[in-house]
Amino acid sequence: MVRHDAFDATREAYDAAAPTYAELFRDSLRDSPLDRAILSAFAEAVRASGDGQVADLGCGPGHVTAHLVELGLAAFGVDASPVMIELARRAHPGLRFDVGSMAALDVADGVLTGALSRWSIIHTPPPQLPAILAEFHRVLASGGHLLVGFSATDDPSQLTQVFDHAVVPAYRWSPDHLSAMLGESGLAEVARMVRRPQPTDRRQFQEVQLLARKA
């Protein structure tokens, strides 16, 4: 029987959407000062914890990976979509981009000083997320930092909420619940940034970015 789960569906959907996605988001950081600010804080925290590689997990077309390099990090990108990786390699030929799964990274234990998961966990079914967070913990060095971004639930009592994402169905998370899950995985929250929706935003969701550190 052919295996076709959420991972396969997400990969195939992003393969199909990759050219449009790359066109829409390649300059997205230019008009997002808060995103640039949290990425700068992440980069500073990573540099303070030591030299080493940083993985942009779910890197898409590579624009954020390139920004991390501009911030002085030895960053490389990983994405499940081969088409996304091909676009990233074309746009940023001097950088490293690998096809891979966040659930089974081709990275040795404890070698990364930083990992970025920018809206890349949102398509993970809730029962599978603890394994992803455990993988993040595995690849980070002691003192390494993780920055994870996601859309937040409206009601704190709702741990997760599914929504109709433009590419493939996705999940919103309670920030406190996700922070607790990080803690259970050995990643302690250091700080969080909450961006409230603007009237012009298509979706009226809060956006949250959690910065966590491996003990």
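What you see below is based on every heavy atom in this structure, not just the backbone, and it leaves out hydrogens, waters and symmetry mates. Throughout, residue positions are numbered sequentially from 1 according to the sequence presented.
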field: Closest non-hydrogen atom pair between F76 and V107, with its separation
entry: CZ-CG2, 4.3 Å
query: Which word best sums up how the rings of Y14 and Y21 line up, parallel for under 30°, tilted for 30 to 60°, or perpendicular for over 60°?
result: perpendicular
- prompt: So do L146 and L140 actually touch side chain to side chain, heavy atoms under 4.5 Å?
  reply: yes
message: Minimum heavy-atom separation for D31 and R36, please, with both atom names.
response: N-NH1, 4.1 Å
message: Please give me the minimum heavy-atom distance between A134 and S185, naming the atom from each residue.
response: N-OG, 4.1 Å
message: Looking at every non-hydrogen atom in both residues, tell me the closest pair between A141 and G110 and how far apart they are.
response: CB-O, 3.4 Å
- request: Determine, step by step, whether S81 and D79 satisfy the side-chain hydrogen bond (donor to acceptor under 3.5 Å, both in side chains) criterion, reporting the C-alpha distance in whole Å, the side-chain angles of both residues, the deciding distance to 0.1 Å, and the verdict.
  value: CA-CA 5 Å; S81 165; D79 201 280; 4.5 Å; no
Side chain proximity check, V69 to L73, heavy atoms < 4.5 angstrom: no
field: Test item: L129 and T160 side chains (from C-beta on) under 4.5 Å apart, heavy atoms
entry: no
- request: For D106, look at atom CG and say whether over 12 heavy atoms of other residues, nucleotides or ligands are found less than 6.0 Å away.
  value: no
Between Q209 and D35, a side-chain donor and acceptor under 3.5 Å: yes
query: How about T153 and D155: does a side-chain donor come under 3.5 Å of a side-chain acceptor?
result: no
Backbone of P169 reached by a side-chain donor or acceptor of H123 within 3.5 Å: yes
query: Looking at F150, does the NZ or CZ of R172 lie under 6.0 angstrom from its six-membered ring centre and within 45 degrees of the ring axis?
result: no
- prompt: So, does Q198 use its side chain to make a donor-acceptor pair with the main chain of R196 at under 3.5 Å?
  reply: yes
- prompt: Should D51 and T113 count as side-chain neighbours, where that means a heavy-atom distance under 4.5 Å?
  reply: no
- prompt: What pair of heavy atoms forms the shortest contact from P19 to L87, and how long is it?
  reply: N-CD1, 3.9 Å
Approximate separation, where rounding is to 0.5 Å, of H137 NE2 and L182 CG: 11.0 Å
message: Between S174 (side chain only) and Q158 (backbone N and O only), is there a donor and an acceptor less than 3.5 Å apart?
response: no
- request: Can you measure from CD (E189) to CG (L178) and round to the nearest 0.5 angstrom?
  value: 9.0 Å
task: Measure the shortest side-chain to side-chain distance between T65 and H67 over non-hydrogen atoms and say whether it is less than 4.5 angstrom.
output: no
- request: For E23 and A18, indicate whether the former's side chain and the latter's backbone hold a donor-acceptor pair under 3.5 Å.
  value: no
message: Is the shortest side-chain heavy-atom distance between W119 and S151 below 4.5 Å?
response: yes
message: For L105 versus R138, what's the shortest heavy-atom pair and its separation?
response: O-NH2, 3.2 Å
message: A side-chain contact here means heavy atoms from C-beta on lying under 4.5 Å apart; do W173 and L159 qualify?
response: no
message: With a 3.5 Å distance limit and no angle check, can you tell me whether S179 reaches the backbone of D176 through a side-chain donor-acceptor pair?
response: no
- request: May I ask you to test the V78-F97 pair for a side-chain heavy-atom distance under 4.5 Å?
  value: no
